[in-house]
Amino acid sequence: MENENIYRQEMLNKYRSAMGDLFRYIPWFEQKMGAKTMQTYAGNDSPSNSVPIPVYDSTLLGFVKEMQRTGLMDRNYVYVYSQYGIKNEQDELNLINQVEFKDIEVIFGIMAKYVLGGMTKAMLWSKAVENGVFLHGLKRIKELLEIWDQPLA
C-alpha cells in the first residue's frame, strides 16, 4: 500500500510539473469553443494562384508551444486511437470524459494528435479548439489531478 501511495504521488508530481500553468488556458478555450481560430492570409496584391497562409490566434500558438514542451506529447498517438477504437471527434470526447487517473496518458495521446499533427496539417489546431478536445482534455486532466491529490483513507 505504501508503494502505491509513493507511485501515485510521483505520477501526480510528474503531471503537475509538466502541465505547469497550462490550465490558465481553460477560460480562453471555453470562450473560443465552436469558433474559428485560424484565418487565411492571401495578400492584397497576390495573384489568384498563390498559396493562402494560415494565421493563428497568438493564444492558441502559445498553448501549442507549451504543450510541446511538456514532454507528454507522444508521437505514437496513433496507437491510442487503434487501442481504444477511436473513429471520430465524438469518440475522442467520450473517451476523454471516461478516462481515470491510471489511464491519463490516453488524454495526452488524443491531444498529441492535434498538437503534433498541427505541425503538418494546419487546420488541426483550430479544429481542436472548435470541437473542444483541448478544452475537455485540460479540464479532465485538472480534475483527475485534483481528485487523486486527496489523501487516501
Side-chain angles (χ1 to χ4, degrees), residues 1 3-40 51-150 152:
M1 185 71 161
N3 287 342
E4 286 181 31
N5 286 337
I6 293 170
Y7 178 73
R8 178 179 60 92
Q9 199 57 48
E10 286 174 0
M11 297 310 291
L12 283 166
N13 292 338
K14 170 189 169 184
Y15 295 127
R16 199 176 298 110
S17 69
M19 293 302 289
D21 58 350
L22 277 162
F23 301 121
R24 75 183 187 281
Y25 288 101
I26 289 174
W28 186 83
F29 284 125
E30 287 174 335
Q31 179 186 6
K32 296 294 183 181
M33 190 169 154
K36 297 271 185 209
T37 54
M38 179 186 83
Q39 307 295 322
T40 52
V51 177
I53 300 168
V55 179
Y56 295 96
D57 185 291
S58 61
T59 304
L60 176 57
L61 289 176
F63 171 77
V64 167
K65 286 180 182 178
E66 286 186 56
M67 282 300 290
Q68 290 171 336
R69 282 190 289 244
T70 64
L72 299 171
M73 297 293 97
D74 185 2
R75 295 196 180 282
N76 202 13
Y77 63 84
V78 177
Y79 176 72
V80 170
Y81 279 75
S82 64
Q83 182 182 12
Y84 289 91
I86 301 171
K87 303 276 188 250
N88 55 44
E89 294 170 6
Q90 193 57 51
D91 290 347
E92 292 169 342
L93 295 174
N94 290 340
L95 187 56
I96 285 171
N97 292 327
Q98 295 169 3
V99 164
E100 292 300 328
F101 183 70
K102 65 182 178 63
D103 299 317
I104 199 168
E105 293 290 331
V106 170
I107 299 172
F108 293 115
I110 292 170
M111 292 177 83
K113 169 191 170 187
Y114 293 94
V115 170
L116 300 176
M119 301 298 287
T120 55
K121 293 181 182 173
M123 87 249 180
L124 285 177
W125 292 337
S126 183
K127 190 175 184 180
V129 175
E130 288 177 49
N131 68 21
V133 166
F134 286 157
L135 172 62
H136 290 282
L138 283 175
K139 285 174 113 176
R140 185 64 180 156
I141 291 166
K142 183 178 184 201
E143 179 183 14
L144 290 171
L145 293 178
E146 289 171 355
I147 290 169
W148 283 93
D149 201 22
Q150 303 301 316
L152 293 177

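Just so it is clear, the model here is predicted, and its values are computed rather than measured. Computed from heavy atoms alone, side chains included, the values below leave out hydrogens, waters and symmetry copies.
- Between Tyr114 and Met67, every side-chain heavy-atom pair lies at or beyond the 4.5 Å cut-off.
- Here the CD1-CG distance, from Ile141 to Leu72, works out to 8.0 Å after rounding to the nearest 0.5 Å.
- The shortest side-chain heavy-atom distance between Phe101 and Leu12 falls under the 4.5 Å cut-off.
- For the atom pair OG1 (Thr37) and OH (Tyr56), the distance works out to 8.0 Å, reported to the nearest 0.5 Å.
- Within the structure, every pair that satisfies the side chain to side chain donor-acceptor pair (under 3.5 Å) test and touches residues 15-31, not counting sequence neighbours, is listed here: Asn13-Arg16, Tyr15-Glu105, Arg16-Asp149, Asp21-Arg24, Arg24-Glu66, Tyr25-Glu66, Glu30-Lys139.
- Here Leu138 contributes atom CG and His136 contributes atom NE2; the two are 11.0 Å apart, rounded to the nearest 0.5 Å.
- Here the CG atom belonging to Leu60 is positioned 6.0 Å from the CZ atom belonging to Phe29, to the nearest 0.5 angstrom.
- Defined by atom type and a distance below 3.5 Å, a donor-acceptor pair is present between the side-chain atoms of Gln90 and Asn94.
- Applying the side-chain contact (heavy atoms from CB on, under 4.5 Å) criterion to Lys36, with sequence neighbours excluded, gives Glu130.
- The minimum heavy-atom distance between Met73 and Leu116, with the atom names listed, is O-CD1, 3.9 Å.
- Pairs of residues two or more places apart, or lying in two chains, never qualify as ring pair (Phe, Tyr, Trp, His ring centres under 6.0 Å) while including a residue from residues 72-99.
- Taking the side chain as every heavy atom from C-beta outward, Ile107 and Leu144 approach each other to under 4.5 Å.
- Looking at every heavy atom in both residues, Leu145 comes nearest to Phe23 through CD1-CZ, 4.0 Å.
- One distance of note links CE of Met11 with CD1 of Ile104; it measures 8.5 Å at 0.5 Å rounding.
- No donor-acceptor distance shorter than 3.5 angstrom exists from the side chain of Ser126 to the backbone of Met123, with no hydrogens or angles considered.
- Among the candidates Ile96, Leu93, Leu95, the single residue satisfying the side chain to side chain contact (heavy atoms under 4.5 Å, CB included) test with Arg140 is Ile96.
- Contact between Leu135 and Met33 at its shortest, heavy atoms only, is CD2-SD, 3.6 Å.
- Note that the NZ atom of Lys32 and the CZ atom of Phe134 stand 15.0 Å from one another [nearest 0.5 Å].
- Contact between Gly118 and Trp125 at its shortest, heavy atoms only, is CA-NE1, 3.4 Å.
- Within the 4.5 Å cutoff, the side chain of Lys127 has heavy atoms near those of the Glu89 side chain.
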